[in-house]
Structure formats: C-alpha cells, structure tokens
Amino acid sequence: MITMHQFSDAFLLEAERHAAWGAAQLQALTDYMPEGPWTADLEACLYQQGGLELRVAVLGTYDVQDRSWMWGWANPGLRGTEVVALTGAIERYGRKQGIAEFTEETLDLSGFEDPRRAAETLAFAGMGVAEAPGYLGLPAGPDSLVYFLPDDPQVPRAGLDTVAMPRELLTGAGLIGRSARRVVTGYLEYHGLPAREDGDRILADLPGGSAAEIEFDHADRIAAVRLTAV
C-alpha cells in the first residue's frame, strides 16, 4: 500500500479525458436505476435493485476506517474471477501508460483533505478507462463501500446532444480542474467527432455538417463554446 497526498499529473490528465462524457453518463445511469434495496451475486456477476437485474463487475472497495482504496482486480477474494475481469483492464492500461494509481493494489488516501472524494475520483477515472456506462458506489457494511461497474448492454449510453454540449463541457471542466483542453479533446474523441486545434481554439465537425468552436482564455479555461448550424 502506498500513502498518497495528491494524485499524479498522469492520473489527473487521464481523469480529465473522461470528465465531460463521464459526468453525462453518470447522470444517465442515475436516471435509469430504480429506487429500492440492492443485492449482488458476485459469483454470477449479477446486481439487483428495484426489480432491475444487471450484469456488473467489481471496480473497487473503499475502507472508511482506514481511508483506503482497493481495486477489484487486486481483491484477494476475487482475484482471477469473472467479476473482476473488466477491471483488470484498468491495471493493464495503467502499466502501459505508466499511471501508478491504476497499478497499485491498495492506495492509502488518508493524506487527502477529503479521502472519500479521492476514492470517488479513482472510481470515476476507472470507469472512464473501462469505458463503462457509469458506476455504482454503495455501502457494503458500516465501514466499507463497494463500487460496481455496469457491464450490461441494457444500460443506456448518453449519446451526443449538441444542445447540451456546452453545458456538458463546462461541467466536465469543473470536476477535476487540471486541463480543460484535455476535457474537450476527450469528449470529442469519445463521441467520434473530428477535431483540430487552432491556437486558443479547438474546432470540431458535428453531425449534419454543423461545427463547434471551443475557445480558451489566457489561463487555458473554457471561455466560450459556439455552435454553428449549417
């Protein structure tokens, strides 16, 4: 276990890449999930809530007392099982990209001002790397939380909404606060939109021949998002 006081630049830039589309996807998952108590059959990779049954993977767990995070792929009781197969991709990605936060089995988050928020940031970034349609963080006991990734095609994906695009980009840019450009390029890449950088602007081609222009200020924050209809 390593003790952390802040996340690495490599990790934050990766989290930023998923910030805008990920926030929209989390809202889509929240809107989709019914209310009600939940149960999970980890051997069968099944999660049930309010009459809905989903196939899931275990993303990780957070220990409230120790203020530590353990990735699902590293859990001694689950290692090598089907329920953590999806999250094993996060560890492989971390090794390929040199991102220690994805490769350390357990992370001591007690050095953060808000360890619980740090755990949520790890879950959010892991969701993005796995390209999962959101995550579910739930109490698994008085002192622990378990995080699931839906691994089921019935969960709706938040598609491109050009009307909502400015709001989604600004929301995403406010989540991590490391690189607004990374937020924008990740969002455009996720939605398969051709884009090019031009000084303090990023220009993107939208479906139907329309275009988007995202302008940045001197501090590299989003200054404006302009949509041009053809």
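Everything numeric here is computed off the predicted structure, so don't read it as measured data.
Contact check for Pro166 versus Leu227: side-chain heavy atoms found under the 4.5 Å cut-off. Using a 4.5 Å heavy-atom cutoff, the side chains of Asp205 and Arg196 are in contact. Residues Leu145 and Arg116 form a side-chain contact, since some pair of their non-hydrogen atoms from C-beta on lies under 4.5 Å apart. Residues Glu215 and Ile222 form no side-chain contact, since every pair of their non-hydrogen atoms from C-beta on lies 4.5 Å or further apart. Two residues are said to be in side-chain contact when any heavy atoms from C-beta on lie closer than 4.5 Å; Val58 and Leu42 meet this criterion. Here the side chains of Leu46 and Leu54 are not in contact, with every heavy-atom distance at 4.5 Å or above. Within the 4.5 Å cutoff, no side-chain heavy atoms of Ser68 are placed close to those of Leu107. When side chains are defined from C-beta on, Leu122 does not count as touching Arg117, because their heavy atoms never get closer than 4.5 Å.
Looking only at distances, a side-chain donor or acceptor of Gln25 sits under 3.5 Å from a matching main-chain atom of Ala158. Side-chain atoms of Thr171 come within 3.5 Å of backbone atoms of Arg167 as a donor-acceptor pair (strictly under, hydrogens ignored). Side chain of Gln49 to main chain of Pro34: a donor-acceptor pair is present (N/O by atom type, distance under 3.5 Å, no hydrogens or angles). Within the 3.5 Å criterion, the main-chain N or O of Val56 finds no donor-acceptor partner in the side chain of Asp151. A donor-acceptor distance shorter than 3.5 angstrom exists from the side chain of Asp41 to the backbone of Ala44, with no hydrogens or angles considered.
In this structure, CG on Leu78 lies 8.5 Å from OG1 on Thr87, to the nearest 0.5 angstrom. Taken from CG in Asp108 to NE2 in His5, the straight-line distance is 8.0 Å, to the nearest 0.5 Å. For the atom pair OG1 (Thr39) and CD (Gln48), the distance works out to 4.5 Å, reported to the nearest 0.5 Å. Rounding to the nearest 0.5 Å places CG of Asp200 at 12.0 Å from CD1 of Ile214. Note that the CG atom of Leu175 and the CG atom of Leu170 stand 11.0 Å from one another [nearest 0.5 Å].
Inspection of the Glu168 and Tyr187 side chains reveals an N or O donor paired with an N or O acceptor under 3.5 Å. Between Ser8 and Glu101, the side chains place a donor N or O and an acceptor N or O closer than 3.5 Å (distance only, hydrogens not considered). Side-chain contact, Gln65 with Asp63: no donor N or O sits under 3.5 Å from an acceptor N or O.
Grouping the Ile, Leu, Val, Met, Phe, Trp and Tyr side chains by contacts below 4.5 angstrom, directly or via other members, places Ile99 apart from Val183. Hydrophobic clustering of Ile, Leu, Val, Met, Phe, Trp and Tyr side chains at less than 4.5 Å, counting indirect connections, keeps Tyr147 apart from Met70. A continuous path of hydrophobic side-chain contacts links Leu169 to Tyr190 [ILVMFWY only; heavy atoms under 4.5 Å]. The hydrophobic clustering, which links ILVMFWY residues whose side-chain heavy atoms are closer than 4.5 Å, places Phe124 and Ile90 together. In the hydrophobic cluster analysis, where Ile, Leu, Val, Met, Phe, Trp and Tyr join through side-chain heavy atoms closer than 4.5 angstrom, Leu138 is grouped apart from Trp69.
Taking the six-membered ring for Trp and the full ring otherwise, the centers of Phe102 and Trp73 sit at least 6.0 Å from each other.
Between Phe7 and Phe112, the ring planes are tilted. Angles from 30° to 60° get that label.
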Practice problem: Walk me through it: do Glu189 and Arg182 pass the test salt bridge (Lys or Arg N to Asp or Glu O under 4.0 Å)? | Solution: CA-CA 10 Å; Glu189 178 185 348; Arg182 188 76 163 174; over 6 Å; no
Practice problem: Assess whether side-chain contact (heavy atoms from CB on, under 4.5 Å) is satisfied between Leu52 and Met33, documenting all intermediate values. | Solution: CA-CA 8 Å; Leu52 176 67; Met33 296 299 297; 3.8 Å; yes
Exercise. Under the salt bridge (Lys or Arg N to Asp or Glu O under 4.0 Å) rule, what do Glu197 and Arg201 come out as? Steps first, then yes or no, please.
Key: CA-CA 6 Å; Glu197 294 201 34; Arg201 303 180 302 162; over 6 Å; no
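Nearest approach of Leu109 to Ala119, heavy atoms of both residues: CD1-N, 3.7 Å. Scanning both residues, Leu86 and Leu149, for their nearest heavy atoms gives CD2-CD1, 3.9 Å. Of all heavy-atom pairs spanning Pro150 and Gly134, the tightest one is CD-O, 3.1 Å. The shortest heavy-atom contact between Tyr135 and Leu26 is N-CD2, 3.5 Å. Residue Leu59 comes nearest to Trp71 through the heavy atom pair O-CE3, 3.5 Å, listed as atom of the first residue, atom of the second, then distance. A pairwise comparison of heavy atoms in Ala40 and Phe148 identifies CB-CZ, 3.8 Å as the closest pair.
Checked options Thr30, Val146, Leu29; the residue passing with Leu136 is Leu29 (criterion: side-chain contact (heavy atoms from CB on, under 4.5 Å)).
Between Arg79 and Glu105 there is a salt bridge, since at least one side-chain N of the basic residue sits less than 4.0 Å from a carboxylate O of the acidic one. Of the charged side-chain nitrogens involved, at least one lies within less than 4.0 Å of a carboxylate oxygen, so that Arg181 and Asp220 count as a salt-bridged pair.
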For residues 10-18, which side-chain N or O atoms pair as donor and acceptor with protein atoms under 3.5 Å away, sequence neighbours left out?
unit_1: Glu14; atom_1: OE1; unit_2: Tyr93; atom_2: OH; d: 2.8
unit_1: Glu14; atom_1: OE2; unit_2: Arg17; atom_2: NE; d: 3.3
unit_1: Glu14; atom_1: OE2; unit_2: Arg17; atom_2: NH2; d: 2.8
unit_1: Glu14; atom_1: OE2; unit_2: His18; atom_2: NE2; d: 2.7
unit_1: Glu14; atom_1: OE2; unit_2: Tyr93; atom_2: OH; d: 3.4
unit_1: Glu16; atom_1: OE2; unit_2: Gly177; atom_2: N; d: 3.4
unit_1: Glu16; atom_1: OE2; unit_2: Arg178; atom_2: N; d: 2.5
unit_1: Glu16; atom_1: OE2; unit_2: Ser179; atom_2: N; d: 2.5
unit_1: Arg17; atom_1: NH2; unit_2: Tyr93; atom_2: OH; d: 3.3
unit_1: His18; atom_1: ND1; unit_2: Trp21; atom_2: NE1; d: 3.4

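Remark: Gln6 CD is loosely packed, at most 12 non-hydrogen atoms of other residues, nucleotides or ligands lying under 6.0 Å away. The environment of CD in Glu120 is crowded: more than 12 heavy-atom neighbours from other residues, nucleotides or ligands sit within 6.0 Å.
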